[in-house]
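Structure first, then comments.
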Amino acid sequence: MTKSLDGKVAIITGAASGIGEAAAILFAKRGARTVVADLDEEKGEAVVEVIRQAGGDAFFHKVDITESDQVRSLIAATVERYGRLDCAYNNAGYGGPAAEIADTEEEEFDRISAVNFKGPWLCMKYEIEYMLQNGGGAIVNTASGAGLISMPPLAIYSAAKAATIHMTRVAGLTYAKRGIRVNCVCPGTVNTPAIHAMGIPDVENFFAQDVPMGRLGTPEEIANGALWLCSDEARYVTGVVLPVDGGRVA
Ligand SMILES: NC(=O)c1ccc[n+]([C@@H]2O[C@H](COP(=O)([O-])OP(=O)(O)OC[C@H]3O[C@@H](n4cnc5c(N)ncnc54)[C@H](O)[C@@H]3O)[C@@H](O)[C@H]2O)c1
């Protein structure tokens, strides 16, 4: 197995569940010292345990990515423990219920936009601040196929993900000459707790029928895209929006 992240230190947000959990386990397997960052301490600590049992190095850090001070502390704790930060996978997200615009409460609007747009911005802000002073790095955001094509009724989630896609491209170009690569993955529908929380009956078949490959994605398949973008194998890649979706947006 290639240790494509050997010697590197990686932060993964939303790493207590789903895609982030799979990414934390994969990044650690590929040699990264890994920070499992999430709101959910119990599940996050369980992911750390899985990594350690497999011989990897990881610790949990509790963070709400919508809170500036907490994101700053995440970077500081990473550097304090591991001495550096090379890769960040800003993956935490929140879909909310599958409600139409007229049925969405203002509080839901605020939460969906904060977690999916402000959060990645805050993470990038403090990651980039560190990376600019310390030899660069690689950042990957998790956006969504819903940020590329219309998937009713997810208007606010889709708009927040579209904003993150555009922010990724601009960030990629802004820091291209300063050693920081910024890319994003756009998962198709992936079988994680998030889709089962949407309140859609028979949710797996509901989404699978629109996928050219005829099935949902696995968290590991998305994690592999993020791994490659974080690794030096992608050293000439920045500002890229990579769908990992069984052909859905094509
Ligand atoms: N599952 C899908 O079909 C799908 C499709 C496209 C995009 N995505 C995106 O992929 C990412 C991961 O989704 P998933 O399906 O693995 O979801 P998930 O619900 O399984 O995991 C999300 C994790 O993020 C954490 N989180 C939520 N809000 C947070 C906050 N404010 N601060 C820190 N952590 C927070 C949660 O505690 C949870 O552990 C999200 O950005 C999601 O929008 C998922």
Side-chain angles (χ1 to χ4, degrees), residues 11-26 35-48 60-74 88-98 108 110-123 126 140-149 151 154 156-165 167-168 184-200 203-204 206-208 210-211 215-226 241-246 248-249:
I11 291 174
I12 299 171
T13 68
S17 174
I19 295 167
E21 174 182 359
I25 293 168
L26 179 67
V35 184
V36 173
D38 204 289
L39 273 176
D40 190 327
E41 188 161 0
E42 198 181 323
K43 286 195 187 153
E45 290 289 6
V47 173
V48 168
F60 174 77
H61 186 91
K62 184 169 176 154
V63 66
D64 180 342
I65 58 158
T66 68
E67 296 289 336
S68 186
D69 289 352
Q70 294 190 32
V71 176
R72 232 185 343 223
S73 299
L74 168 65
Y89 181 23
N90 302 320
N91 162 77
Y94 171 67
E108 274 297 336
D110 288 342
R111 182 167 173 210
I112 293 168
S113 24
V115 180
N116 295 298
F117 180 41
K118 182 185 178 188
W121 167 69
L122 273 178
C123 290
Y126 294 113
V140 176
N141 297 314
T142 297
S144 171
L148 291 167
I149 58 172
M151 292 189 191
L154 303 175
I156 302 142
Y157 174 79
S158 304
K161 291 297 194 183
T164 291
I165 288 169
M167 184 167 63
T168 299
C184 70
V185 287
C186 289
T189 309
V190 183
N191 205 345
T192 71
I195 66 160
H196 295 278
M198 293 174 83
I200 297 172
V203 68
E204 291 176 36
F206 175 82
F207 284 117
D210 291 331
V211 182
R215 65 170 177 86
L216 302 190
T218 66
E220 291 74 18
E221 286 166 337
I222 313 305
N224 268 307
V241 177
L242 177 69
V244 184
D245 64 355
R248 175 72 171 88
V249 302

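Both counts, for ligands and for their atoms, begin at 1 and track the order of listing. Since the structure is predicted, the reported quantities are computational estimates derived from the model, not experimental observations.
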Nearest-contact summary for atom 29 (C) of ligand 1 - protein heavy atom, Å: Leu39 CD1, 3.6 Å
Short side-chain donor-acceptor distance under 3.5 Å, Thr13 and Asn91: no
Contacting atoms of ligand 1, where contact means under 4.0 angstrom from a heavy atom of Asp64: 30 (C), 31 (N), 32 (N)
Test of proximity, Ile19 against ligand 1: N or O pairs below 3.5 Å: yes
Closest protein heavy atom to atom 33 (C) of ligand 1, given as residue, atom name and distance to 0.1 Å: Val63 O, 3.1 Å
Closest candidate by heavy atom, reference atom 4 (C) of ligand 1, pool Ala194, Gly188, Gly145, Gly95: Gly188
Region of Ile222 engaging ligand 1 - heavy atom pairs below 4.0 Å: neither
Electrostatic pair Glu221-Arg215, nearest N-O below 4.0 angstrom: yes
Any donor-acceptor N or O pair under 3.5 Å, side chains His61, Asp38: no
Options Gly14, Gly93, Ser17, ranked by nearest heavy atom to atom 27 (C) of ligand 1, top entry: Gly93
Per-atom contacts, ligand 1 versus Thr189 - under 4.0 Å to a heavy atom: 3 (O)
Spacing of OH belonging to Tyr89 relative to CD1 belonging to Ile19, to within rounding of 0.5 Å: 5.5 Å
Test item, Tyr157 contacting ligand 1 (heavy atom, 4.0 angstrom): yes
Ligand 1 N/O within reach of Ser144 N/O, cut-off under 3.5 Å: no
Shortest protein contact, atom 12 (C) of ligand 1 (heavy atom only): Asn91 OD1, 3.4 Å
Atom 3 (O) of ligand 1 [closest protein heavy-atom partner, distance rounded to 0.1 Å]: Val190 N, 2.7 Å
Contact check, Lys43 vs ligand 1, heavy-atom distance below 4.0 Å: no
Numbered atoms of ligand 1 (with element) below 4.0 Å of Ala16, judged on heavy atoms: 39 (O)
Ligand 1 N/O within reach of Thr192 N/O, cut-off under 3.5 Å: yes
Residue pair Pro97 / Glu108, side-chain heavy-atom distance below 4.5 Å: yes
Taking atom 32 (N) of ligand 1 as the reference point, the nearest protein heavy atom with its distance: Ile65 N, 3.0 Å
Identity and separation of the nearest protein heavy atom to atom 35 (C) of ligand 1: Ala92 CB, 3.7 Å
Sub-4.0 Å atoms of ligand 1 with respect to non-hydrogen atoms of Gly18: 16 (O), 20 (O)
Sub-4.0 Å heavy-atom approach of Ile195 to ligand 1: yes
side-chain hydrogen bond (donor to acceptor under 3.5 Å, both in side chains) evaluation trace for Tyr157 with Ser113: CA-CA 7 Å; Tyr157 174 79; Ser113 24; over 6 Å; no
Ala143 to ligand 1, any heavy atom closer than 4.0 Å: yes
Validation row: Ile12, Val36 side chains within 4.5 angstrom (heavy atoms): no
Atom indices of ligand 1, in the order listed, that fall short of 4.0 Å to a heavy atom of Thr142: 9 (C), 10 (O), 11 (C), 41 (O)
Protein heavy-atom partner closest to atom 39 (O) of ligand 1 - residue, atom, separation in Å: Asp38 OD2, 2.7 Å
